[in-house]
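Side chains are part of it too, since the values below use all heavy atoms of this structure and drop only hydrogens, waters and symmetry mates. Just so it is clear, the model here is predicted, and its values are computed rather than measured.
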Amino acid sequence: MPSRRTLRRPVALSAVAACAALAGGLLSVQSASAAGTRIHDIQGRTRISPLAGKQVGDVPGTVTAIRAFGSSRGFWVQDPHPDDDPATSEAVFVFTGKETPKVAVGDALTFSGTVSEYYPGGKDAGGQSVTEITGATWKVTASNQPLPAPVKLNAASIPATYAPDAGGRSIESRTLQPTKYALDRLESLEGMRVSVVDAPVVGPTNTHNELWVTATPGHHRTARGGTLYESYADPNGGRVKVQSLIPFSQRPFPVANVGDRLNGTTAGPLDYDNFGGYTLQATELGTLAAHTPAPEVTRKQTAGELAVATYNVENLAPDNPQTKFDRLAKGLVHNLAAPDVVALEEVQDDSGATDDGTVTAGTTLKKLTDAIKAAGGPAYEWRAIDPQNDQDGGQPGGNIRVAFLFNPQRVAFTDVKGGDATTPVKVVDDHGRAGLSASPGRIAPTEAAWKASRKPLAGEFALRGKPDRRVFVIANHFNSKGGDQGLDSRFQPPARTSETQRTAQAKLVNTFVKELLAKDPKADVVVAGDLNDYQFSPALKTLTSGGVLTDQVTKLPVAERYSYVYQGNSQVLDHLLTSKALTRTDYDVVHINAEYADQTSDHDPQVLRIKP
């Protein structure tokens, strides 16, 4: 059972060691002034304990759960006699480090120790803290005591409004308003036993044995059972991560997909970490009921249609298992119906993540195209431009880039020499029509907006049998969201620092499209790729500014607008955008990856069929 709490903290002391340390003055902490301290006094009415840094003694409670694995062991204690203040939690975590605590669930005890605030992932990450007891000693007074009933998480107990607006400042010192804000409600239950009943799975099981459920199943659901992220204002406060405290040898963790359900009751203490927010540490797990929708299969393009797709193939490298290439090939041939043009993202160089100066990706692309042909698909050709070594971000040494695949039986690629890693492609006059100075060519590759990020690749295509029908495709992979504060950050609203660069990147691509349209207002332009941002984001507003591009995802029914699932939120990161001339289109997000625990990539591909 993996734990991602890696920061070191003071550990629990045995009773003898604790007494010796106190006698020798080794614990330089203040004593809590009030006698008869209860857990709700420790937790207080804000996110930070009013007793932080102080020593408390003989605090009563009942052991409700034990974490007996990893380097963050300890147990949760809950007061069976709560106060009547909904803002104060009645439970706290007692941290024992790498030592398995010698207590049992149902033990009534009194504990002493130092009240501490622990920030999972580090304070600089922007997450919230967990109030806990360090350097603890305890005395068991009775065994086999009844546990407090869990608080049911549901639409009646979780407010619709997510968090207070603090103008980007910390909300730690604000008095909790658990009936007004979802984040405050969850914080007011920190460490306490909570439960969800018949909970829909909205985030698939990942490699850390975690899944996400929603406690508010009537809120913002997708057409296939997920939870839709529609706006910054509402990040869906009913999402709760589920981990398990039950040994996997006794109860394997469920392998769940979006659309499944945990039937019955899932219960345990409510924890928090910086890798997904509030987490139900299950001591009781519901039964997995599989209701997974089947992977989608899009229709085949007609003879007169041009099918353009985008697919993030997630760090594809020659040393990946052959099964990954085969599954990607099956997805492209069967689920995507062999598009005529595919904009690929995250194609690594021929040595993968080995940082040896290699920048070519011919081996990677050949393994993929060979697998496609073996799967019954066309003999795709490819075009790409090798980046400068270690200049385009992504996995160190991987030199990820965007690339084009195309079916030469259906389309012709217009090759124009001159494209390289640093030479910007220009719009040129081609007998009164728009053309490219280099095809493929990179858009403004030396501009600061592309620092440590993938550069867009522009290429010109023509339909076989219709050489006058030229289509410009621009493949993109904007910078990631790394460094942004989490939705559950203690800073509200959270800072999205990475979007500044994406907005600058969007402006450069928008300018390039405007230059194409200035030469030919009727030019057919498709902007494709993983833009790492939402349809309502500043980056997408900038990319579509001036009305030069239409984001095709906005034409779908709302419940179908997603291509990625992150922490239980189904959201749009991948896009296909079209110029004004392309009015007759058919667009489809093909859900084959993001909703599944067993996925070939973390992104769903998309396809756009351009009608004649």
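With sequence neighbours left out, Thr354 forms a side chain to side chain donor-acceptor pair (under 3.5 Å) with no residue at all. Contacts of Arg251 classified as salt bridge (Lys or Arg N to Asp or Glu O under 4.0 Å), with partners at least two apart in sequence or in another chain: none. For Glu296, the salt bridge (Lys or Arg N to Asp or Glu O under 4.0 Å) test picks out Arg224, with sequence neighbours left out. The salt bridge (Lys or Arg N to Asp or Glu O under 4.0 Å) test applied to Asp326 returns no partner, not counting sequence neighbours.
With rounding to the nearest 0.5 Å, the separation of OH in Tyr118 from CD in Gln128 is 14.5 Å. Here the CG atom belonging to Asn312 is positioned 8.0 Å from the CD1 atom belonging to Ile400, to the nearest 0.5 angstrom. To the nearest 0.5 Å, atom CG of residue Asn479 and atom CH2 of residue Trp450 are 8.5 Å apart. Taking NE2 from His219 and CD1 from Ile158, the interatomic distance works out to 10.5 Å, rounded to the nearest 0.5 Å. Rounding to the nearest 0.5 angstrom, the gap separating the CG atom in Asp349 from the CD atom in Gln395 is 10.0 Å. The distance from the CZ atom of Phe404 to the CD1 atom of Ile385 is 9.5 Å, given to the nearest 0.5 Å.
Residues Asn593 and Asp604 bring no donor and acceptor atom of their side chains to less than 3.5 Å of each other. Between the side chains of Asp574 and His603, at least one donor-acceptor pair of N or O atoms lies under 3.5 Å. Under the 3.5 Å distance criterion, with hydrogens and angles disregarded, a donor-acceptor pair is assigned to the side chains of Arg609 and Thr298. Under the 3.5 Å distance criterion, with hydrogens and angles disregarded, no donor-acceptor pair is assigned to the side chains of Asn399 and Gln348. Between Glu284 and Thr266, the side chains place no donor N or O within less than 3.5 Å of an acceptor N or O (distance only, hydrogens not considered). Defined by atom type and a distance below 3.5 Å, a donor-acceptor pair is missing between the side-chain atoms of Ser480 and Asn532. Between the side chains of Thr227 and Asn236, no donor-acceptor pair of N or O atoms lies under 3.5 Å. Judged purely by distance below 3.5 Å, without hydrogens or angles, the side chains of Tyr587 and Gln606 pair a donor atom with an acceptor atom. A side-chain N or O of Tyr278 and one of Glu187 form a donor-acceptor pair less than 3.5 Å apart.
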* Determine, step by step, whether Val242 and Thr279 satisfy the side-chain contact (heavy atoms from CB on, under 4.5 Å) criterion, reporting the C-alpha distance in whole Å, the side-chain angles of both residues, the deciding distance to 0.1 Å, and the verdict. => CA-CA 6 Å; Val242 175; Thr279 303; over 6 Å; no
* Going through the distances and angles, do Val527 and Val509 end up as a side-chain contact (heavy atoms from CB on, under 4.5 Å)? -> CA-CA 9 Å; Val527 174; Val509 176; 4.2 Å; yes
* Asked: Passes salt bridge (charged side-chain N to carboxylate O under 4.0 Å, His left out), Asp598 versus Arg327? Steps please.
  -> CA-CA 11 Å; Asp598 181 19; Arg327 290 181 64 180; 2.8 Å; yes
* Can you list the steps and then say if Arg299 with Glu305 is a salt bridge (charged side-chain N to carboxylate O under 4.0 Å, His left out)? -> CA-CA 12 Å; Arg299 72 168 175 85; Glu305 290 178 325; 2.9 Å; yes
* Any chance you could lay out the side-chain contact (heavy atoms from CB on, under 4.5 Å) test for Tyr380 and Leu365, step after step, and finish with the verdict? => CA-CA 10 Å; Tyr380 280 114; Leu365 289 164; over 6 Å; no
* Going through the checks in order, is the side-chain contact (heavy atoms from CB on, under 4.5 Å) test met by Leu573 and Tyr534? -> CA-CA 6 Å; Leu573 293 185; Tyr534 318 116; 4.0 Å; yes
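Between Tyr232 and Phe536, the ring-plane angle classifies as perpendicular under the 30° and 60° cut-offs. Relative ring orientation between Tyr562 and His591 is described as parallel, the plane-to-plane angle staying below 30° on a 0-90° scale split at 30° and 60°.
Annotation: salt bridge (Lys or Arg N to Asp or Glu O under 4.0 Å) contacts involving residues 381-407, sequence neighbours excluded, comprise Glu381-Arg383, Arg383-Asp415, Asp386-Arg401, Asp392-Arg442, Asp392-Lys455. Pairs passing the ring pair (Phe, Tyr, Trp, His ring centres under 6.0 Å) check and including a residue from residues 306-358, sequence neighbours excluded, do not occur.
Put simply, the side chain of Asn263 never gets that close to the backbone of Gly286: no donor and acceptor are under 3.5 Å apart. Side chain of Asn335 to backbone of Ile592: no donor-acceptor contact under 3.5 angstrom is found. Using modelled atom types, one side-chain atom of Thr503 and one backbone atom of Glu499 make a donor-acceptor pair closer than 3.5 Å. No donor-acceptor distance shorter than 3.5 angstrom exists from the side chain of Arg410 to the backbone of Phe406, with no hydrogens or angles considered.
Side-chain atoms of Pro269 and Leu245, non-hydrogen and from C-beta on, do get closer than 4.5 Å to each other. No side-chain heavy atom of Glu345 sits under 4.5 Å from any side-chain heavy atom of Val313. Side chains of Asn389 and Asp355 form a contact here, defined as non-hydrogen atoms less than 4.5 Å apart. Using a 4.5 Å heavy-atom threshold, the side chains of Leu153 and Ser195 count as separate. Using a 4.5 Å heavy-atom threshold, the side chains of Leu306 and Asp524 count as separate.
Look at Asp273 and Lys241 and you find a salt bridge, because one of the NZ, NE, NH1 or NH2 atoms lies within 4.0 Å of a carboxylate O, short of that distance. One finds a salt bridge joining Arg67 and Asp271 here, because a Lys/Arg side-chain nitrogen approaches an Asp/Glu carboxylate oxygen to under 4.0 Å.
When the options Val196, Val197, Leu285 are evaluated for a side chain to side chain contact (heavy atoms under 4.5 Å, CB included) with Thr265, the one that passes is Val197. The residue from Leu487, Leu228, Thr214 that alone fulfils the side chain to side chain contact (heavy atoms under 4.5 Å, CB included) condition with Asn569 is Leu487.
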